[in-house]
A.B. asks: 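My questions will all concern the structure given below.
Letters go in sequence order (proteins before strands), and every chain restarts at 1. The basis for the numbers below is simple: all heavy atoms, side chains too, and nothing from hydrogens, waters or symmetry mates. Just so it is clear, the structure is predicted and the values come from calculations on it, not from any experiment.
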Number of protein chains: 2
Amino acid sequence: MSSTPTFKRLPRAVREQQMLDAAVKVFSRRGYHAASMDEIAEDAGISKPMVYAYLGTKEELFVACLHREGTRMTEAIAGAAAPELPADERLWRGLRAFFGFVGAHRDGWAVLYRQARGEQPFAGELAAMRARLVEVVAGMLDHALRAEGREIAGADLELAAYALVGASESLADWLADHPEADPEKTATRMMNVAWLGADQLLNGVTWRPPER
Amino acid sequence: MSSTPTFKRLPRAVREQQMLDAAVKVFSRRGYHAASMDEIAEDAGISKPMVYAYLGTKEELFVACLHREGTRMTEAIAGAAAPELPADERLWRGLRAFFGFVGAHRDGWAVLYRQARGEQPFAGELAAMRARLVEVVAGMLDHALRAEGREIAGADLELAAYALVGASESLADWLADHPEADPEKTATRMMNVAWLGADQLLNGVTWRPPER
DNA sequence: GCGTAACCTTACGCACCAGTAGGTATGCTC
DNA sequence: GAGCATACCTACTGGTGCGTAAGGTTACGC
């Protein structure tokens, strides 16, 4: 509809989002190093110096991607798992939101968890995000425990949360590689493994290594 | 004590192992791309052309690392989890071997699961290794189920195995970053979450999403 | 309708690093 | 102790891609 069929001059905020979209896409397909700034710029329909002008160096650009995707994800989860719900309902809603996010943003997921993990400059950033998530899950378990008058050592609690988060990430990876799969169903399956185990833990059932 | 205080000429097989040791170390610390062949050579106490002569290009070198560490790990696990044992005992021994391996080869673990995942050329290789592991776990669960005359749909079984493997990887990552942690204890904690959940599953208990 | 500021481009410098060419030393065999 | 194979080195090249300098172009204010 526009009278200019070539380019349009767009306000900064819009261009930045386009650039981030392109960056997430290229980073996820090629990997951090193999992705070239030229390709990102081209994919965004813009030239390279604009990327530098708006988002800074390659490293800063990647961090920006990380932040945007990370924020989107944590907000999606936090918004779904309201703290006043019972533990199993909270876990279920959180998982559903999580897998829903991954299903809808497979590229973003790949950037977050496949790329950021290996590259030193970002590993710390990612670890912090993950730690927050683990903290939330641990808090949830703890809350449920206290409601029943029970308690678990802090370290055990945290590790249980860590395991749950890891299992979810693993299934998320599977989901990202299977476009035909249904996020909702994946969440249900995760819930089956996670909750049944967690429920036992909450009820004070523990497994002990065989005596020898 | 040798009369030559400078270097020693060593047979190829020995030097290759030294190079692989150095490569695993440098790859795990720097990441695949940031690692330079010069640094690897220096760390191995040798010059770069030797690395090329023995192990080939950077990509081939990384694959060699991947293979060595992967083989070591799968052999450690397979050797511990004998198929004739009952399911819980098998799972326990497998987990113990797994965490023991990660605790003793933190660098190798980092190469396998943090680096290889992000880089396209190796992701496939790694995925295949992982798939074999998932298959083993799934087979174990299936075996235990049939022993009780039960059955689960193949997809559900596989996803449960996937979740278990993912949770273990997550704890392994935690372990790799906490040198003071005890692998045996970590395995026990993992077993607590995994087995209690799996046991429920095996007993036909399933969780269902709330009706609405 | 003209200045000006923001938007956008082409084209290049520069550093870094994978991979190699060509040559030297050492030990082993007969 | 001559000859050969294998271990090993120094020093270079070539390509790739990040980051930038310097200059065009469009839209908006007045």
Side-chain angles (χ1 to χ4, degrees), chain A residues 1-23 25-27 29-65 115 118-122, chain B residues 1-27 29-66 115 118-122:
Chain A
M1 290 304 151
S2 168
S3 58
T4 58
T6 51
F7 309 105
K8 238 195 162 163
R9 286 166 76 87
L10 293 173
R12 174 165 185 156
V14 177
R15 273 281 190 256
E16 279 184 350
Q17 291 306 312
Q18 291 179 347
M19 290 176 189
L20 286 175
D21 289 341
K25 181 172 150 193
V26 175
F27 279 137
R29 276 169 185 39
R30 303 250 190 252
Y32 175 70
H33 277 278
S36 81
M37 294 296 270
D38 289 278
E39 183 176 356
I40 292 171
E42 188 186 3
D43 197 284
I46 219 74
S47 73
K48 195 167 51 160
M50 288 312 306
V51 181
Y52 281 89
Y54 283 174
L55 278 325
T57 71
K58 189 180 187 180
E59 200 168 311
E60 290 166 342
L61 173 62
F62 191 84
V63 170
C65 292
Q115 296 304 321
E119 315 286 339
Q120 266 71 13
F122 320 118
Chain B
M1 289 307 147
S2 168
S3 58
T4 58
T6 51
F7 308 106
K8 239 194 160 165
R9 286 165 77 87
L10 293 174
R12 176 168 183 153
V14 176
R15 272 277 133 85
E16 279 183 350
Q17 291 308 311
Q18 291 180 347
M19 288 176 188
L20 286 175
D21 290 341
V24 166
K25 180 173 152 192
V26 175
F27 279 138
R29 277 167 184 40
R30 302 251 190 249
Y32 175 71
H33 279 279
S36 81
M37 294 296 271
D38 288 278
E39 184 176 355
I40 291 171
E42 189 187 2
D43 197 282
I46 216 77
S47 73
K48 196 167 50 161
M50 288 311 301
V51 181
Y52 280 89
Y54 284 174
L55 278 325
T57 71
K58 189 180 188 181
E59 199 169 313
E60 290 166 341
L61 174 61
F62 190 84
V63 170
C65 292
L66 216 55
Q115 296 306 320
E119 314 286 338
Q120 265 71 15
F122 319 118

A.B. asks: Mind calculating the distance between NZ (A:Lys58) and C1' (D:dT20) to the nearest angstrom?
C.D. replies: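 It works out to 17 Å between those atoms.
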A.B. asks: Check every atom of D:dC8, D:dG19, C:dA18 against the side chain of B:Asp38 and return the nucleotide holding the closest atom.
C.D. replies: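 Among D:dC8, D:dG19, C:dA18, the one nearest the side chain of B:Asp38 is C:dA18.
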A.B. asks: Which part of the nucleic acid, if any, lies within reach of B:Ser47 when heavy atoms closer than 4.0 Å are counted: base, sugar-phosphate only, or nothing?
C.D. replies: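 It contacts base atoms.
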A.B. asks: Starting from C1' on D:dA7, measure out to CD on B:Glu16 and report it in whole angstrom.
C.D. replies: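 From B:Glu16 CD to D:dA7 C1': 13 Å.
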A.B. asks: Give the rounded distance in Å between these two atoms: CE of B:Met37 and P of C:dC16.
C.D. replies: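 Going from B:Met37 (CE) to C:dC16 (P), I get 19 Å.
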A.B. asks: From NE2 of B:His33 over to P of D:dT16, roughly how many Å is that when rounded to an integer?
C.D. replies: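 About 14 Å, once rounded to whole Å.
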A.B. asks: Can you find a side chain N or O atom of A:Arg15 that sits less than 4.0 Å from OP1 or OP2 on C:dC8?
C.D. replies: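 Yes, A:Arg15 has a side-chain N/O under 4.0 Å of OP1/OP2 on C:dC8.
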A.B. asks: Nearest whole Å is fine: how far is C:dA18 C1' from B:Arg30 CZ?
C.D. replies: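 Going from B:Arg30 (CZ) to C:dA18 (C1'), I get 17 Å.
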A.B. asks: Is there a side-chain hydrogen bond (donor to acceptor under 3.5 Å, both in side chains) between B:His33 and B:Glu119? Walk through the geometry before answering.
C.D. replies: CA-CA 9 Å; B:His33 279 279; B:Glu119 314 286 338; 3.2 Å; yes
A.B. asks: With heavy atoms under 4.0 Å as the rule, sort B:Ala41 into base, sugar-phosphate or nothing.
C.D. replies: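 Contact class for B:Ala41: none.
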A.B. asks: Without decimals, in angstroms, what is the distance between A:Glu42 CD and C:dT9 C1'?
C.D. replies: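 In whole Å, C:dT9 C1' lies 14 Å from A:Glu42 CD.
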A.B. asks: Rounded to the nearest angstrom, tell me the gap between atom CZ in B:Phe62 and atom C1' in C:dA18.
C.D. replies: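 Between C1' of C:dA18 and CZ of B:Phe62: 16 Å.
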A.B. asks: Hey, is the main chain of A:Ser36 close enough, under 3.5 Å, to the side chain of A:Glu39 for a donor-acceptor pair?
C.D. replies: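 Answer holds: no.
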A.B. asks: Report the relative orientation of the aromatic rings in B:Phe62 and B:Phe122; use parallel for angles under 30°, tilted for 30 to 60°, perpendicular for over 60°.
C.D. replies: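 Because their plane-to-plane angle lies in the 30° to 60° range, the rings of B:Phe62 and B:Phe122 count as tilted.
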A.B. asks: Name the closest nucleotide to the B:Ile46 side chain, picking from C:dC8, D:dC9, D:dC18.
C.D. replies: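 In terms of side-chain proximity for B:Ile46, the closest of C:dC8, D:dC9, D:dC18 is D:dC9.
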A.B. asks: In chain order, what residues pass the ring-ring contact (aromatic ring centres under 6.0 Å, His included) check against B:Tyr52, with sequence neighbours excluded?
C.D. replies: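 Applying ring-ring contact (aromatic ring centres under 6.0 Å, His included) to B:Tyr52 gives none.
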A.B. asks: Using a strict heavy-atom distance below 4.0 Å, which residues from residues 48-57 of chain B are in contact with DNA chain D?
C.D. replies: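 Correct list: B:Pro49, B:Met50, B:Tyr54.
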A.B. asks: Categorize A:Ala34 for me: base, sugar-phosphate, or nothing, with a 4.0 angstrom heavy-atom threshold over every strand shown.
C.D. replies: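 No contact.
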A.B. asks: How long is the line joining CG of A:Leu61 and P of D:dG17, in whole Å?
C.D. replies: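 Rounded to the whole Å, the gap is 16 Å.
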A.B. asks: Under the side chain to side chain contact (heavy atoms under 4.5 Å, CB included) test, which residues partner A:Gln17, sequence neighbours left out?
C.D. replies: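 A:Leu20, A:Arg68, A:Arg72.
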A.B. asks: Tell me whether the NZ or CZ atom of B:Lys58 lies within the 45° cone about the ring axis of B:Phe27 and under 6.0 Å from its centre.
C.D. replies: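 So B:Lys58 doesn't make the cation-pi contact.
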A.B. asks: Under a 3.5 Å distance rule, please check whether B:Glu16 uses its side chain to pair with a backbone N or O of B:Leu55 as donor and acceptor.
C.D. replies: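 The answer is no, because no donor-acceptor pair under 3.5 Å joins these two groups.
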